[in-house]
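One structure below.
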Amino acid sequence: MSRTRRLYDWFDDRLDLGDAEDFLGKAFPAEDSFLLGEVALFSFVMLGLTGIFLAFFYEPSTAEMTYEGSVAKFQGEDLPAAFGSVLQLTYDVPFGMFIRRFHHWAAHLFVAAIGLHMLRVFFHGAYRNPREINWVVGTVLAILAMGAAYTGYALPFDEFASTATGIGYNIAGSIPILGDAIAAIVFGGDFPSSATIPRLYFLHVFFIPALIAVGLAAHMGLLVRQKHTEAQREEDVEPVDSSAAADGGVNHDTVDREDDSVVVGLPAVPNQAAVSAVVFFLTLATLSALAGFLPVHNIAEYGPNNPAGTPALIMPDWFFMWLYGFLKVLPSSLGFHIGPIEISAEFLGGVALPALVFLAVFAWPFIDRRRESVHFTADPFERPVQTGVGVAGVVFVMIASIAGMNNLLAEALGTTTGAVNLPLLAAMIVGPIAAFGIVHWAITREREPDESPAGSDDDTAQPVEVPDDE
Ligand code: HEM
């Protein structure tokens, strides 16, 4: 008996590795778009690792410190410790600038990968029964990722970022009845005050990442429990050779093309693990290249937070731009009173409308619901309504993001922001409706009624029996 086998048996005696073998042989569909979730996962891992490095040098305090470092402009000046420590980290700590940039780009990639992953799941209809819960957990993760980015943006305490994050404080304060309490909990009182940075720091480095980690554990647990969805098969799948089956390959018998109770794909170990390793290193390489070549937010240029001043241009990160767009184009005259309670336009644009959008996202699997389980992915070109809704949603977010940059648009058109706001508001309503109409029309025109495969819209008529486990 080989030494490896004896070692395996030793662990097997104690841990009963039979279950683990089943797990390691679990099949992953060989679909490239399924790797977007992994990119998000690896970005999160890298955010954690680089964040630990940054935390060694960052000081979460607005108390004054005398700056001694390479930036001549601030040499010997008293600066808020948060700002001064990020300056030192960037210009005087070996690899500090690289790691800071890496962390920044990893945050952007994290959010971008989550957004694309979500679209992939949506257009494939992978949110349908039984995966509604994982869609809901995923949406919570997306909101948490945005929360992590928001709280991190404020930490260097420079004039630009702290002014931009101050908008969030005003929005929190606009919530009827609860506003002041929420602003106090999240921002530690007035913004900015000496309590703000420590509070946001705690949320950024501990509270939100811990929630994301718990959410991810649930997301992955559900994924393993429910299996992946898989593309509809062209034909029956013949058994793989006996060695693959012994390795934990899943397709021991011929798999019928209609049988969605079995996933035909790569075993988790070693095949999918090797693919994942490639995705990991590609993510690492992409972020290293971005960190090496693309600078991030230049805090030395903006200077420390100045309560008396406002920078000429205030911009949130791109993934908040659509929310900023709501704030910019909703006229303040929309505000009203219910008795003594004020419902301001700021509340409507900054809280109520985004809440409605996220509510619609949470509710979607229960609107497009299935009584029977569906394990094949849907073909977006077979689903005029769902694909139309998805494209309309993307168009809505894009127009709202342009609205968030209404000042740049007005400048480019040689006019005022007031003049572009109404057309932008109209486009936010008409654009998605038009997009839905065009997509719906294009798909139904192309579609032959008898061609819909199982797993598409029409599959409710012929539910597929799914065994409890496989
Ligand atoms: C921190 C953010 C997230 C991470 C790291 C993550 C990671 C993953 C991974 C690795 C998979 C398996 C591979 C794949 O199908 O891509 C997966 C599947 C899934 N995710 Fe996410 N995800 C995140 C956010 C989301 C969001 C925002 C949604 C939707 C709102 C979502 C919904 C789903 C669903 C329904 C599946 C099962 C898909 C299937 O079986 O085909 N996830 N996720």
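Atoms within each ligand, like the ligands themselves, are counted from 1 in listed order. Numbers for residues simply follow the sequence, beginning at 1. Keep in mind it's a predicted model, so treat the numbers as computed, not measured.
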For [atom], grab the closest protein heavy atom and report residue, atom and distance to one decimal in Å.
atom: atom 14 (C) of ligand 1; value: Phe34 O, 3.1 Å
atom: atom 30 (C) of ligand 1; value: Thr139 OG1, 3.2 Å
atom: atom 41 (O) of ligand 1; value: Thr229 OG1, 2.4 Å
atom: atom 29 (C) of ligand 1; value: Trp135 CE3, 3.5 Å

Do you know which of Leu200, Leu54, Val86 makes side chain to side chain contact (heavy atoms under 4.5 Å, CB included) with Leu155?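 Checked Leu200, Leu54, Val86 against Leu155; only one passes side chain to side chain contact (heavy atoms under 4.5 Å, CB included): Leu200.
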Identify which one of Gln226, Lys227, His228, Glu230 satisfies the side chain to side chain contact (heavy atoms under 4.5 Å, CB included) criterion when paired with His375.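 That would be Lys227.
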Atom CD1 of residue position Ile133 - does it have more than 12 heavy atoms of other residues, nucleotides or ligands inside 6.0 Å?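 No.
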Ignoring hydrogens, just give me the one of Tyr127, Phe110, Trp364, Phe44 whose non-hydrogen atom is nearest atom 1 (C) of ligand 1.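 It is Phe110 that holds the nearest heavy atom.
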Compare His228, Glu132, Arg120 and give the one whose heavy atom is closest to atom 15 (O) of ligand 1.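 Nearest option to atom 15 (O) of ligand 1, by heavy atoms: Arg120.
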Could you label the plane-to-plane angle of the [X] and [Y] rings as parallel, tilted or perpendicular, counting under 30° as parallel and over 60° as perpendicular?
X: Trp322; Y: Phe326; result: perpendicular
X: Tyr127; Y: Trp364; result: perpendicular
X: Phe191; Y: Phe187; result: perpendicular
X: Phe320; Y: Tyr150; result: perpendicular

Under 3.5 Å, is there a donor-acceptor pair between the side chain of Asn406 and the main chain of Asn421?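 Answer holds: no.
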Report the protein N/O/S neighbours of atom 21 (Fe) of ligand 1 that fall below 2.8 Å; do not count waters.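 Result, waters dropped: His117 NE2, His219 NE2.
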Does ligand 1 come near enough to Ala126 that some N or O of the ligand is less than 3.5 Å from an N or O of the residue?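 It does not: no N or O of Ala126 is found under 3.5 Å from an N or O of ligand 1.
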Is there a heavy atom in Met220 that sits closer than 4.0 Å to ligand 1?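 Contact check Met220 vs ligand 1: positive.
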Between His124 and Arg383, is any side-chain donor less than 3.5 angstrom from a side-chain acceptor?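 Judged by distance alone, the side chains do not pair up.
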Would Gln232 and Glu382 count as having a side-chain donor-acceptor pair, cut-off 3.5 Å?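 Gln232 vs Glu382: no donor-acceptor pair found between side chains.
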Using a 4.0 Å cut-off to any heavy atom of [X], which atoms of ligand 1 qualify?
X: Leu216; value: 1 (C), 4 (C), 5 (C)
X: Glu38; value: 10 (C)
X: Arg131; value: 40 (O)

Would Arg101 and Trp105 count as a cation-pi pair here, with the cationic atom under 6.0 angstrom from the ring centre and within 45° of the axis?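 Output no; distance or angle outside limits.
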